[in-house]
2 protein chains.
Amino acid sequence: MNIQPQIDPGQEPSATQRAYLAVRQMILTGEIPPGEKLKIENLRKKLDMGGSPIREALTLLVSDLLVERLDQRGFRSAEVGRENFAEILKLRCHLEEMALRESIAHANQVWEDNLVISHHRMMREPRNNVERFEDLHKTFHMNLLAACTSKVLLKFCNQLYDLNIRYRYLAGRALDYSTRDIGSEHTAIMNAAVDRDTETACHILLDHYQRTGAFLERLFTSEAAE
Amino acid sequence: MNIQPQIDPGQEPSATQRAYLAVRQMILTGEIPPGEKLKIENLRKKLDMGGSPIREALTLLVSDLLVERLDQRGFRSAEVGRENFAEILKLRCHLEEMALRESIAHANQVWEDNLVISHHRMMREPRNNVERFEDLHKTFHMNLLAACTSKVLLKFCNQLYDLNIRYRYLAGRALDYSTRDIGSEHTAIMNAAVDRDTETACHILLDHYQRTGAFLERLFTSEAAE
DNA sequence: GAGTGCAATAATATCGATTTTTTCGCAAAA
DNA sequence: TTTTGCGAAAAAATCGATATTATTGCACTC
């Protein structure tokens with residue numbers, strides 16, 4: 001019998017996978033602006049593949065709430081807005097707290113090691129490569145929750161993370177964290193987590209989100225006032 | 001300009017939509033058992049359509065967590081299990097409580113009317129048509145939350161509801177509610193909701209879920225012991 | 001007799017073309 | 001001037017066929 005055929009990372013990704021990652025990245029970074037029509041033909045040419053994998057990728061993105069499907073009228077990237085941002089922030093705080101408590105409760109050595117490693121990598125990454133940094137940042141936050149045993153909860157947290165990241169890209173340069181010491185906040189969360197200090201870890205994590213959230217919301221307000 | 005072209009219910013559904021609803025129903029009711037391979041060719045013949053809408057429907061179901069995709073190896077219906085059931089129950093309790101509080105906070109006349117109507121219809125439906133009853137039951141519960149302003153939260157609740165319903169069908173005849181007065185529980189929840197009595201409504205709702213959960217869990221245990 | 005490698009088979013993933021539906025522009029009527 | 005009703009163009013949805021990839025069975029070696 002084959003040994004771990006499903007974990008093999010060597011195989012090249014399917015067209016669907018490529019399309020999914022490509023379109024997702026374009027939406028997250030804002031290269032495709034909110035509300036824009038996603039024409040199959042355009043994406044076909046841009047990504048050089050048939051229509052089927054494109055459609056399938058867009059369908060996957062619909063469930064991520066990054067794309068909306070209009071029956072018989074194709075797809076468009078999801079709209080953004082202040083209310084949407086606020087609800088995502090609120091849900092994230094609730095669900096990530098649940099997940100973090102579960103995660104610390106089921107913590108083990110492997111979890112701890114991965115957490116420390118991802119923290120280290122994130123801290124060492126220069127901030128000028130935004131996409132690369134955001135990737136490591138996400139990995140760190142997800143590793144924090146990784147020992148949580150509820151697959152569904154983790155999926156929700158993951159989805160919400162991506163929905164949120166979009167707003168950070170939209171905020172763009174304004175959000176270079178220059179006014180806050182984000183690094184030390186992350187370190188504090190990690191330390192509390194490895195100490196199995198659930199209350200402290202949750203408190204700092206939520207505070208971390210609330211602050212970033214308030215920052216983005218202010219930005220949103222001033223922009224809307226233009 | 002057209003008037004409300006998107007709300008028009010008269011148009012016949014797309015093939016994708018038909019496939020989605022058909023396969024979803026088969027999985028929820030257990031006609032397709034957990035873990036079963038979903039072969040495109042079989043479904044093609046059964047639903048009399050091409051492969052594309054089938055694949056698209058299955059992709060939609062992946063995001064509902066009712067179907068799993070095995071890269072390059074097709075699709076299968078999601079597995080069930082006691083842990084899975086437990087995590088869904090727990091998440092539902094958390095999220096529906098959030099949603100119910102929000103919903104009551106934003107309650108208005110339309111919401112109240114719809115809630116009363118759906119309650120009435122559910123109560124009048126004879127229990128022998130299980131699928132029809134389950135449909136009305138879901139409508140009632142979703143109407144309870146409908147005034148909640150967070151679209152994402154409602155989507156999550158909806159998903160979790162469907163994941164849970166599967167276990168009720170799996171339990172089958174055993175769960176005919178004969179030992180409990182489910183009707184009065186629903187009525188009590190509705191009354192508390194229309195009275196805007198948030199605490200009572202939440203309390204009864206959660207109790208309602210916990211009881212049904214405990215009932216199903218017992219069933220699971222005795223079955224696993226065979 | 002157990003394991004290995006290779007073809008035959010089956011199933012998936014993808015493509016290109018066709019069908020259906022929507023959108024858009026323009027002219028005719030109110 | 002605004003509405004209404006075509007028809008052309010564009011786009012989406014779907015199909016059937018092909019290319020790719022996994023699975024299966026069987027002969028062959030050790």
Side-chain angles (χ1 to χ4, degrees), chain A residues 1-24 26-27 32-33 35-63 66-78, chain B residues 1-24 26-27 32-33 35-63 66-78:
Chain A
M1 189 205 272
N2 267 330
I3 300 164
Q4 300 182 319
Q6 72 279 20
I7 302 178
D8 183 0
Q11 63 190 322
E12 67 184 47
S14 63
T16 298
Q17 200 69 1
R18 274 193 298 129
Y20 173 74
L21 293 174
V23 177
R24 178 170 163 280
M26 288 191 284
I27 292 175
I32 293 175
E36 179 152 297
K37 188 110 210 304
L38 298 168
K39 293 184 192 155
I40 310 284
E41 190 54 30
N42 290 358
L43 293 170
R44 258 184 53 112
K45 279 181 287 191
K46 184 175 281 192
L47 300 175
D48 187 39
M49 58 178 70
S52 310
I54 301 277
R55 285 188 67 81
E56 216 167 301
L58 292 177
T59 302
L60 284 168
L61 288 165
V62 167
S63 69
L66 289 171
V67 164
E68 287 167 13
R69 134 179 268 143
L70 310 162
D71 204 52
Q72 309 286 77
R73 275 181 291 162
F75 302 86
R76 71 170 51 172
S77 78
Chain B
M1 190 204 273
N2 268 328
I3 300 165
Q4 300 181 317
Q6 71 280 16
I7 302 177
D8 181 0
Q11 62 189 325
E12 68 185 45
S14 62
T16 298
Q17 202 69 359
R18 274 194 297 129
Y20 172 75
L21 292 174
V23 177
R24 178 169 162 280
M26 288 191 284
I27 291 175
I32 292 176
E36 180 153 294
K37 189 110 210 299
L38 298 168
K39 291 184 192 157
I40 310 285
E41 191 54 30
N42 290 358
L43 293 169
R44 260 184 52 114
K45 278 181 287 193
K46 184 175 281 191
L47 300 175
D48 188 38
M49 57 178 70
S52 310
I54 301 276
R55 284 188 66 81
E56 216 166 302
L58 292 178
T59 302
L60 283 168
L61 288 164
V62 167
S63 69
L66 289 170
V67 164
E68 288 167 14
R69 134 180 267 146
L70 311 161
D71 204 53
Q72 310 288 79
R73 274 181 291 163
F75 302 85
R76 70 169 53 169
S77 80

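Since this is a predicted model, take the numbers as computed values, not measurements. We name chains A, B, ... by the order of the sequence lines, and we start the count at 1 in each one. These values consider heavy atoms only, across backbone and side chains, with no hydrogens, waters or symmetry-generated copies.
- B:Ser14 places a side-chain heavy atom less than 4.5 Å from the side chain of A:Asp71.
- When rounded to the nearest whole Å, the span between NZ of B:Lys45 and C1' of D:dC15 equals 17 Å.
- Distance A:Asp71 CG to C:dT23 C1': 16 Å, rounded to the nearest Å.
- Crowding of A:Lys37 atom NZ: a count of heavy atoms from other residues, nucleotides or ligands under 6.0 Å exceeding 12.
- Among the nucleotides D:dC15, D:dA22, C:dC15, the one closest to the side chain of B:Pro53 is D:dC15.
- Rounded to whole Å, the distance from CD on A:Glu56 to P on C:dT14 is 7 Å.
- Atom CE of A:Met49 is separated from atom P of C:dG16 by 12 Å (rounded to the nearest Å).
- A close approach under 4.0 Å does occur between a side-chain nitrogen or oxygen of B:Lys37 and OP1 or OP2 of C:dT12.
- In this structure, A:Ile54 reaches neither bases nor backbone, as no heavy-atom distance under 4.0 Å exists between it and the strands shown.
- Considering only side-chain atoms of B:Ile40, the nucleotide from C:dT12, C:dT14, D:dA13 that sits closest is C:dT12.
- Distances shorter than 4.0 Å separate some side-chain N or O of A:Thr16 from OP1 or OP2 on C:dT14.
- In this entry the distance linking CZ of B:Arg69 with C1' of D:dA22 reads 16 Å, nearest Å.
- In this structure, the side chains of B:Leu47 and B:Val23 come closer than 4.5 Å at one or more pairs of heavy atoms.
- Ranking D:dC15, C:dA13, D:dA12 by closeness to the B:Phe75 side chain, first place goes to C:dA13.
- Atom CZ in A:Arg44 sits about 8 Å away from atom P in C:dC15, given to the nearest Å.
- Spacing between atom CD of A:Gln17 and atom P of C:dT12 amounts to 18 Å, rounded to whole angstrom units.
- Within the 3.5 Å criterion, the main-chain N or O of B:Val67 finds no donor-acceptor partner in the side chain of B:Ser77.
- Between B:Arg73 and C:dA11 there is no side-chain N or O to OP1 or OP2 distance below 4.0 Å.
- Atom CD in A:Gln72 sits roughly 17 Å away from atom P in C:dT19 (whole-Å rounding).
- The shortest non-hydrogen separation linking B:Ile40 to B:Gly51 is CG2-CA, 4.1 Å.
- Side chain of A:Arg55, nearest nucleotide from D:dA12, C:dG16, C:dA13: D:dA12.
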